[in-house]
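Step one of this worksheet: look at the structure below.
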Amino acid sequence: MSTTYTNTITFKINKTDVPERYLVLNDSTSLLKITLKTNGFNLLKYYFKKPKIDINFSENIEMSKEYYIWNKHQGFSDLNHQFNKDIEIISITPDTLKFRFDVNAIKKVPVKLNSKLSFTTGFDLLDSIKISPDSVKIIGPEILVSEIAFIETDTLSLKDIKANVDKTVSLNLPNNKNNNLIFSDSKVGIHAEVDKFTEGHLKIPITVINIPDSLQIKYFPKKLYVTYYTSLSNYNKITANDFMVTCDFNQIEKESEFLIPQIVTQPNEVKHVKLSQEQIEFIIIE
């Protein structure tokens, strides 16, 4: 193994430090043949796995309108530093490499969660589910980047939830078999606060709006019950003043004898709010 040999080895090119706004296309040269002179032990490692050589795109390389151009005279020092001092580079083929490039588009798109969640009876989400990060940066050719409006996650399936959720879920990234697209993230964190919930009831006064000045009306009932769902921790904080129920006189259908109540204000801490009835009787006073 101590005998000196001269062998030509094919190296796959590993492109490093390519400026973010440019994309080196995969139809460019990807191999470099380097003839090395060293002992057999040093050469042996290149036959156990496919060797790679780095070419740095931030220095010792020229840029034309369509190509990055590397030549062995400018890049020799960089290559030489990637071999130990017992290895001598005899020759490099080809002596010039051209890497075709395109200008990258950079775009941020939102992450959409796919989920199948079911809760233990009496438990529910305290707030909306938080995704971190909630968007993904995509770098690639404009024609490809422009087609992507959002990124979905793999499906998060959880049953009988009764505690806070902290999970990591993979992103369902678009097909990128030619590696022309770069994504800032491949996974996101999912966080959701869960609490025990209970039902609440409050009686809310009804306000009739947009009654013409020329009319007077009487309506019944003057108050309605609202039923809602809220967490135990928020139950005592919810009051009738947090709700507003109105009937819009302008929305009465012709010859109707009923007003339609609507909840126009409600606290953020409640869910599934319902009114005790859907119609309010009224009469016009002559």
Side-chain angles (χ1 to χ4, degrees), residues 14-28 57-58 100-197 228-234 237-238 242-244 262-274:
N14 181 41
K15 300 178 281 290
T16 66
D17 295 328
V18 180
E20 191 175 70
R21 67 184 298 260
Y22 296 110
L23 172 72
V24 178
L25 302 178
N26 287 327
D27 60 1
S28 302
F57 280 69
S58 65
R100 198 160 65 90
F101 70 86
D102 196 0
V103 177
N104 271 330
I106 301 175
K107 179 182 180 181
K108 264 193 170 184
V109 298
V111 174
K112 287 190 175 183
L113 175 64
N114 280 325
S115 63
K116 292 181 180 179
L117 307 179
S118 64
F119 295 84
T120 299
T121 302
F123 288 83
D124 206 337
L125 291 173
L126 193 58
D127 202 347
S128 59
I129 296 174
K130 293 178 174 59
I131 305 173
S132 179
D134 61 3
S135 60
V136 173
K137 182 167 72 172
I138 308 172
I139 303 170
E142 174 68 32
I143 193 170
L144 298 179
V145 172
S146 62
E147 294 177 349
I148 304 172
F150 56 87
I151 301 290
E152 292 186 333
T153 68
D154 290 343
T155 301
L156 176 65
S157 296
L158 298 173
K159 294 181 179 180
D160 299 323
I161 302 170
K162 58 180 178 181
N164 291 349
V165 175
D166 281 292
K167 296 288 183 181
T168 299
V169 61
S170 296
L171 295 175
N172 186 10
L173 298 175
N175 184 10
N176 189 28
K177 66 178 181 179
N178 291 324
N179 296 318
N180 286 329
L181 294 172
I182 299 170
F183 301 92
S184 61
D185 298 274
S186 60
K187 297 180 179 180
V188 293
I190 304 298
H191 176 74
E193 293 188 11
V194 176
D195 201 352
K196 193 168 180 62
F197 274 62
Y228 54 89
Y229 199 46
T230 190
S231 66
L232 287 178
S233 57
N234 286 319
K237 301 176 186 177
I238 309 299
D242 295 320
F243 295 86
M244 179 178 289
Q262 292 182 321
I263 301 166
V264 294
T265 302
Q266 66 182 55
N268 293 329
E269 296 80 8
V270 299
K271 299 182 176 187
H272 314 310
V273 182
K274 294 182 180 180

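Along the sequence shown, residues carry numbers from 1. These numbers come from the heavy atoms of this one structure, side chains and all, not from hydrogens, waters or symmetry mates.
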Task: Side-chain heavy atoms of T168 within contact of V188, under 4.5 Å - done: no
- [ ] May I ask you to test the F183-K137 pair for a side-chain heavy-atom distance under 4.5 Å?
- [x] no
- [ ] Not counting sequence neighbours, which residues clear ring pair (Phe, Tyr, Trp, His ring centres under 6.0 Å) with H191? List them please.
- [x] none
Task: All ring pair (Phe, Tyr, Trp, His ring centres under 6.0 Å) counterparts of Y228, not counting sequence neighbours - done: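 So Y228 forms a ring pair (Phe, Tyr, Trp, His ring centres under 6.0 Å) with F243.
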Task: Y229 versus F197, closest heavy-atom pair with distance - done: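 Looking at all heavy atoms of both residues, the closest pair is CZ-CB, 3.4 Å.
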TODO: Over all heavy atoms of both residues, which pair between S135 and K108 is shortest? Give the atoms and the distance, please.
DONE: OG-CD, 3.9 Å
Looking at [X] and [Y], would you say the former's side chain and the latter's main chain have a donor-acceptor pair under 3.5 Å?
X	Y	answer
T230	V270	no
S231	N234	yes
D242	Q266	no

Open item on the list: Tell me whether the count of non-hydrogen atoms from other residues, nucleotides or ligands lying under 6.0 Å of CG in N268 goes above 12.
Closed with: no
Open item on the list: For K196, is the NZ atom crowded, meaning more than 12 foreign heavy atoms sit under 6.0 Å from it?
Closed with: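 Yes, enclosed.
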For residues 142-163, run the donor-acceptor check on the side chains, cut-off 3.5 Å, and write out each pair with its distance to 0.1 Å, sequence neighbours left out.
from	atom 1	to	atom 2	distance (Å)
S146	OG	E142	O	2.9
S146	OG	I143	O	3.4
E152	OE1	N114	ND2	3.4
T153	OG1	N114	N	3.0

TODO: Mind checking the CD-CG spacing from E193 to D166? Nearest 0.5 Å is all I need.
DONE: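 Interatomic distance, E193 CD to D166 CG, rounded to 0.5 Å: 9.0 Å.
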